[in-house]
**Student:** 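I am attaching a structure below and will ask some questions about it afterwards.
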Amino acid sequence: MQKPALPKGTRDFAPEVMARRNFILDHIRDTFEKFGFQALETPAVERLDVLTGKYGEEGDQLIFKILDSGDYLAGLSPSDFQDYKKLSPKIAEKALRYDLTVPFARFVTMHRSGLAFPFKRYQIQPVWRGDRPQKGRYREFYQCDADVVGTDSLLCEAEIILMINEVLDKLGLRNFTLKINNRKILSGLAEFVGHPDQVGPMCVAIDKLDKIGPEKVLEELAERGFGESACEKIRPLLALDGTYESKMAFLDEIFTHSETGRQGQAEIRQMLALGQAYTQARDFIQDYHLDFDLTLARGLTYYTGAIFEVKALGVSIGSISGGGRYDNLTGAFGMPGVSGVGFSFGVDRLYDVMEELQLFPAETALSTQVLFSNFGEAEQAFSLPLVRQFRQAGINTEIYPEAAKLKKQMQYAHQKNIPFVVLVGETELAQEKLMLKDMRTGAQLLLSAQEAQARVRAAEMG
RNA sequence: GCGGUUGUAGCUCAGUAGGUUAGAGCACCAGAUUGUGGUUCUGGGGGUCGCCGGUUCGAGCCCGGUCAUCCGCCCCA
């Protein structure tokens, strides 16, 4: 006999877990739809050539490839076996999707003539990465993306701020920071320190400020070829710990000669002004948990404008959402010049954070409200129409499918956390009434079907 | 890809210096209670001590290898 086991980095979602995951997903879906986003699903399997080359060399290594069916060795020559990187596209035509963004770009390109632009879609599906699993890190995990393509209006950025706040508020997660920045500001900084071509390496180093501290960041910059004068120019930036206004004032000073940097500032200002106009908030930045963070870089190279990242405070896991604007999403598929902005919730991490903070309401686990017990043939025949009647009244109802010992049936109800049990035995049958037992208090009442339904509904309300 | 941790019952773990028949709690099953769960009491089932080899009269324990696991680093959600 073989011992069953899961592949590394994958998980089962048991019913209790699913109830909680759905609690999160329902709120995310509701919010996305409320803002006019439409659902999209794409296949788990994509053609390998659609995925490769989009995530950098390291990313390509992490793509799960699917071995061709049949005799995949046919037509190969010994030289093909010299380099495994060159072999894989010859024996694997397909692969599991690595994220939702690239399949989305493929979709937009393929359907461009039929779509209404600006096109707003959301997509909630699993993705796969051949990564080494760790805490908060899986090989199969869900992403919840929402993107708008075909407009560069900053209204989209403002709405992303609103959506993130709405979802987290509904989930009861109040202690978080929504970090914002703009890639153009980072480009401006790179210009300012005299390394306009080194935005990428600069960001990778700056991004680690939280983790390793300012001195180590400067060391890393030096290693990456930034000279002493450049480092000295960055130093005051790493020490900045002021308000939005003071950071902006600092940038006003250093960006006198950087058109790009000033553009980034203008975008941030306009995004905030639109959010303010939307919400009429007394203090938009504070009320919507915003933090203008000049060190926020988000490693991804394809962001060109706004960037976002959400950190849950007071927990070990941290980052639960992120996104930004990109200018050339579909370029790789021959459709240049399409600007888009999007973001993503990490459901699995959101789940872990909510569990750590005990934010799940108790009733998410609840499903069946009433269990009809089963005493035997005559009682069952009497019960079946009533079960149907309960269901038609909108009450989640089930009947125990066989006349097992009552103890066993009660245990079943208890284990499934069913709040009410209906007992129909000889005496109830004779009176055409139901014994309704409240499993929490243990109290039971002899009632008509109508009265029993009313009681169940009343309990549901309060 | 690199560094470390831990593998004993379904789960969490104990296991003395290398010594008889490997334990506990929880979970599970049955009974106390043939119309009542959650509490209580009584009884019961359940183990190739990750795997392979070595040392030894004797290995859960020591040694070598191997596989798995979790945690860091890199990178990411």
Side-chain angles (χ1 to χ4, degrees), chain A residues 1-10 14 55-63 84 97-101 123-145 200 203-205 207-208 211-212 216 220 297-302 308-312 316-324 342-353 371-376 379 400 403-430 434-446:
Chain A
M1 198 182 74
Q2 66 176 13
K3 211 176 181 178
L6 285 172
K8 189 190 292 196
T10 66
Y55 308 110
E57 199 183 329
E58 284 203 27
D60 284 356
Q61 296 304 308
L62 300 179
I63 295 172
Y84 76 98
R97 79 167 94 76
Y98 180 88
D99 70 358
L100 300 178
T101 309
Q123 191 169 354
I124 301 177
Q125 288 189 278
V127 303
W128 293 268
R129 293 185 189 178
D131 214 350
R132 184 172 220 119
Q134 271 175 44
K135 187 176 188 176
R137 226 168 137 176
Y138 309 99
R139 284 183 148 179
E140 178 186 64
F141 62 96
Y142 275 70
Q143 289 191 330
C144 306
D145 280 25
C203 288
V204 171
D207 199 31
K208 294 181 185 168
K211 257 188 186 172
I212 61 178
K216 293 269 180 191
E220 188 156 337
R298 292 193 58 80
L300 289 167
T301 48
Y302 55 75
F308 308 97
E309 183 163 299
V310 180
K311 291 223 150 126
S316 51
I317 294 173
S319 176
I320 50 175
S321 176
F343 74 109
S344 177
F345 281 110
V347 207
D348 304 274
R349 288 187 173 179
L350 213 41
Y351 184 98
D352 291 344
V353 167
L371 173 77
F372 273 69
S373 59
N374 192 330
F375 280 69
E379 292 89 344
Y400 201 85
K405 279 191 206 170
L406 194 53
K407 179 179 173 121
K408 192 165 182 191
Q409 301 189 35
M410 298 298 290
Q411 228 157 21
Y412 175 81
H414 176 73
Q415 224 172 347
K416 274 189 82 172
N417 203 12
I418 299 173
F420 292 100
V421 171
V422 166
L423 297 152
V424 183
E426 229 176 309
T427 48
E428 290 82 5
L429 191 55
L434 313 176
M435 187 66 85
L436 182 72
K437 170 156 179 146
D438 183 329
M439 292 295 277
R440 271 188 265 275
T441 63
Q444 45 191 53
L445 291 165
L446 191 64

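Order of the sequence lines sets the chain letters (A, B, ...), proteins ahead of strands, with each chain counted from 1. All figures in this text were calculated on a predicted structure; none of them were measured in a lab. Just so it is clear, the values below take in all heavy atoms, side chains as well, and ignore hydrogens, waters and symmetry mates.
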**Student:** How would you list, by chain and number, every residue that makes a side-chain hydrogen bond (donor to acceptor under 3.5 Å, both in side chains) with A/Asp60, sequence neighbours excluded?
**Tutor:**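 So A/Asp60 forms no side-chain hydrogen bond (donor to acceptor under 3.5 Å, both in side chains) with any residue.
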**Student:** Send over the distance from A/Arg97 CZ to B/C76 P, rounded to a whole Å.
**Tutor:** 21 Å
**Student:** So which atom in A/Leu100 and which in A/Val127 form the shortest heavy-atom distance, rounded to 0.1 Å?
**Tutor:** CD2-CG1, 3.8 Å
**Student:** Could you list the residues that satisfy side-chain hydrogen bond (donor to acceptor under 3.5 Å, both in side chains) with A/Ser373, not counting sequence neighbours?
**Tutor:** none
**Student:** Do you know which two heavy atoms are closest between A/Glu220 and A/Ala205, and how far apart they sit?
**Tutor:** CG-CB, 4.2 Å
**Student:** For nucleotides B/C49 and B/G60, find the distance between their C1' atoms and express it as a whole number of Å.
**Tutor:**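 Pairwise C1' distance, B/C49 against B/G60, rounds to 5 Å.
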**Student:** Show each protein N/O and nucleotides 27-33 of chain B N/O combination with a separation under 3.5 Å, one pair to a line.
**Tutor:**
from  : atom 1 : to       : atom 2 : distance (Å)
B/G31 : OP1    : A/Lys405 : NZ     : 3.0

**Student:** So A/Gly442, base contact, sugar-phosphate only, or nothing? Heavy-atom distance under 4.0 Å.
**Tutor:**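 Base, at least one base heavy atom under 4.0 Å.
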**Student:** For A/Phe141, check ring-ring contact (aromatic ring centres under 6.0 Å, His included) against everything at least two apart and list the hits.
**Tutor:**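 Counting only residues at least two positions away or on another chain, A/Phe141 forms no ring-ring contact (aromatic ring centres under 6.0 Å, His included).
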**Student:** For a quick test of reading the model, state the closest non-hydrogen atom pair linking A/Tyr138 to A/Gly9 and the distance between them.
**Tutor:** CB-O, 3.5 Å
**Student:** Provide, to the nearest angstrom, the distance between the CZ atom belonging to A/Phe308 and the P atom belonging to B/A77.
**Tutor:** 15 Å
**Student:** For atom P, what is the distance between B/G1 and B/C62, given to the nearest Å?
**Tutor:**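 About 29 Å, rounded to a whole number of Å.
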**Student:** Output the rounded distance in Å from CG (A/Asp60) to P (B/C75).
**Tutor:**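 After rounding, the reported distance stands at 17 Å.
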**Student:** Does the side-chain ring of A/Phe141 lie flat on the base of B/A77, meaning centres under 5.5 Å and planes less than 30 degrees apart?
**Tutor:**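 So yes, this residue stacks on that base, both cut-offs being met.
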**Student:** Using the C1' atom on both, measure B/C2 against B/C75 and round to a whole Å.
**Tutor:** 13 Å
**Student:** Classify the side chain of A/Thr427 versus the base of B/G35 as yes if they form a donor-acceptor pair under 3.5 Å and no if they do not.
**Tutor:** yes
**Student:** From C-beta outward on A/Leu406, which listed nucleotide comes closest to its side chain: B/G37, B/U36, B/A77?
**Tutor:**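 Nearest listed nucleotide: B/U36.
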**Student:** Can you name the ring-ring contact (aromatic ring centres under 6.0 Å, His included) partners of A/Phe372, sequence neighbours left out?
**Tutor:**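 Counting only residues at least two positions away or on another chain, A/Phe372 forms a ring-ring contact (aromatic ring centres under 6.0 Å, His included) with A/Phe390.
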**Student:** What interatomic distance, in whole Å, is found between P of B/G19 and the corresponding atom of B/A30?
**Tutor:** 40 Å
**Student:** In whole angstrom, give me the gap between the P atoms of B/G4 and B/G65.
**Tutor:**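 To the nearest whole Å, 13 Å.
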**Student:** With sugar-phosphate meaning primed atoms plus P, OP1 and OP2, does A/Glu309 contact a base, only sugar-phosphate, or nothing at under 4.0 Å between heavy atoms?
**Tutor:**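 Nothing, no nucleic acid heavy atom in range.
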**Student:** Report each atom pair, protein N/O against N/O of nucleotides 2-7 of chain B, whose distance is under 3.5 angstrom.
**Tutor:**
from : atom 1 : to       : atom 2 : distance (Å)
B/C2 : N4     : A/Arg132 : NH1    : 3.4

**Student:** Measure from CZ on A/Phe375 to C1' on B/U34 and round the result to the nearest Å.
**Tutor:** 11 Å
**Student:** Quiz question: going by heavy-atom distance under 3.5 Å, is there a donor-acceptor pair between the base of B/C75 and the side chain of A/Arg129?
**Tutor:**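 For A/Arg129, whose side chain was compared with the base of B/C75, there is no donor-acceptor pair (under 3.5 Å).
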**Student:** In chain order, what residues pass the ring-ring contact (aromatic ring centres under 6.0 Å, His included) check against A/Tyr55, with sequence neighbours excluded?
**Tutor:** A/Tyr98
**Student:** Which residue pairs pass the side chain to side chain donor-acceptor pair (under 3.5 Å) test when at least one of the two sits in residues 420-429 of chain A, sequence neighbours left out?
**Tutor:**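 Not a single pair qualifies under side chain to side chain donor-acceptor pair (under 3.5 Å).
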**Student:** Between B/A59 and B/C52, how far is it from one P atom to the other, in whole Å?
**Tutor:**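 One P to the other, the span is 14 Å.
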**Student:** Kindly indicate whether the side chain of A/Gln444 and the base of B/U36 share any N or O donor-acceptor pair separated by less than 3.5 Å?
**Tutor:**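 A donor-acceptor contact between them is present.
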**Student:** Let me have RNA chain B in dot-bracket notation, would you? Count Watson-Crick plus G-U wobble pairs, both distances under 3.5 Å, and use [ ] for pairs crossing earlier ones and | for inter-strand partners.
**Tutor:** ((((.((..((((.....[...)))).(((((.......))))).....(((((..]....))))))).))))....
**Student:** Applying side-chain hydrogen bond (donor to acceptor under 3.5 Å, both in side chains), name anything that partners A/Gln409, two or more places apart in sequence or on another chain.
**Tutor:**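 Expected list: none.
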**Student:** List the residues meeting ring-ring contact (aromatic ring centres under 6.0 Å, His included) with A/Tyr351, not counting sequence neighbours, and say none if there are none.
**Tutor:**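 Checked A/Tyr351 against ring-ring contact (aromatic ring centres under 6.0 Å, His included); matches are A/Phe360.
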**Student:** In whole angstrom, what separates A/Glu220's CD from B/C74's P?
**Tutor:**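 Whole-Å distance recorded here is 8 Å.
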**Student:** Check side-chain hydrogen bond (donor to acceptor under 3.5 Å, both in side chains) between A/Gln444 and all other residues, then give those that pass, not counting sequence neighbours.
**Tutor:**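 For A/Gln444 there are no side-chain hydrogen bond (donor to acceptor under 3.5 Å, both in side chains) partners, ignoring immediate neighbours.
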**Student:** What integer number of Å spans the C1' atoms of B/C57 and B/G18?
**Tutor:** 12 Å
**Student:** To the nearest Å, how far apart are A/Lys437 NZ and B/U36 P?
**Tutor:**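 It is 9 Å, rounded to the nearest whole Å.
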**Student:** For A/Tyr412 and A/Tyr98, find the nucleotide of RNA chain B closest to each by heavy atoms; which residue's nucleotide sits nearer the 5' end?
**Tutor:** A/Tyr412
**Student:** Starting at CH2 of A/Trp128, measure out to OG1 of A/Thr10 and round the result to the nearest 0.5 Å.
**Tutor:**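 Separation between the atoms: 11.5 Å.
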**Student:** Looking only at side-chain atoms of A/Glu428, point me to the closest of B/G37, B/G35, B/C76.
**Tutor:** B/G35
**Student:** With sugar-phosphate meaning primed atoms plus P, OP1 and OP2, does A/Gln409 contact a base, only sugar-phosphate, or nothing at under 4.0 Å between heavy atoms?
**Tutor:**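 Answer is nothing: A/Gln409 stays at 4.0 Å or more from every strand.
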**Student:** Please give the distance between the P atoms of B/U36 and B/G31 as a whole number of Å.
**Tutor:** 13 Å
**Student:** Base, sugar-phosphate, or nothing for A/Tyr138, non-hydrogen atoms under 4.0 angstrom?
**Tutor:** base
**Student:** Hey, does A/Gln123 have a side-chain heavy atom less than 4.5 Å from the side chain of A/Gln143?
**Tutor:** no
